[in-house]
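Here is the structure we will look at, set down as structure tokens.
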Amino acid sequence: MSSPEIYKGWLIEARPVFCVQVWSAGGECIIPVHNAKTEEEALSLAKRWIDMQSQPENTQPNPFDPFSTDSDYDDDIPF
């Protein structure tokens, strides 16, 4: 990971991201995996994401889950 720098008022930083491409009956999906250090770890996290897709909707989200879609700031969005 590079050191952050400021460019035209924007704070920018390069980060490595694995893009894992998956296919299902619903079609193709690309999963960006930000937390993996190796290709094997990226595949493992993608498998976990796939497992989560089949879980019932009424489960409580884990606040430490990197794939969590739950957020406390949804009501702040102006549109």
Side-chain angles (χ1 to χ4, degrees):
M1 197 168 5
S2 70
S3 296
E5 64 179 80
I6 295 180
Y7 177 75
K8 294 185 178 182
W10 292 78
L11 183 62
I12 61 173
E13 178 182 34
R15 294 184 178 189
V17 176
F18 286 94
C19 291
V20 179
Q21 193 169 8
V22 298
W23 293 265
S24 71
E28 175 186 6
C29 181
I30 297 178
I31 306 167
V33 181
H34 301 269
N35 301 327
K37 293 181 178 46
T38 64
E39 185 176 324
E40 291 79 21
E41 187 179 5
L43 291 172
S44 176
L45 287 168
K47 288 175 184 177
R48 200 173 107 193
W49 179 84
I50 291 169
D51 291 340
M52 290 173 49
Q53 301 311 301
S54 61
Q55 290 180 354
E57 292 289 327
N58 59 0
T59 59
Q60 291 293 330
N62 179 351
F64 302 106
D65 189 344
F67 299 118
S68 178
T69 57
D70 183 52
S71 64
D72 293 333
Y73 53 85
D74 286 342
D75 294 334
D76 295 337
I77 299 173
F79 46 87

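In this chain, residues are counted from 1 in sequence order.
- Distance CE/Met52 to CG/Leu45: 10.5 Å, rounded to 0.5 Å.
- Contact check for Cys29 versus Trp49: side-chain heavy atoms found under the 4.5 Å cut-off.
- Qualifying side-chain contact (heavy atoms from CB on, under 4.5 Å) partners for Thr38, counting only residues two or more places apart in sequence or in other chains: Glu40, Glu41.
- Hydrophobic clustering places Ile50 together with Val33 (ILVMFWY residues linked when any side-chain heavy atoms are closer than 4.5 Å, directly or through intermediates).
- For Leu11, the CG atom is densely surrounded, since the number of other residues' heavy atoms within 6.0 Å is greater than 12.
- Other members of the cluster containing Ile12 are Tyr7, Trp10, with ILVMFWY side chains joined at under 4.5 Å, either directly or via other members.
- Ile30 belongs to no multi-residue hydrophobic cluster, having no ILVMFWY side-chain contact under 4.5 Å with any other such residue.
- For Glu28, the side chain to side chain donor-acceptor pair (under 3.5 Å) partners at least two apart in sequence or on another chain are Gln21.
- Looking at every heavy atom in both residues, Val20 comes nearest to Ala42 through CG2-O, 3.9 Å.
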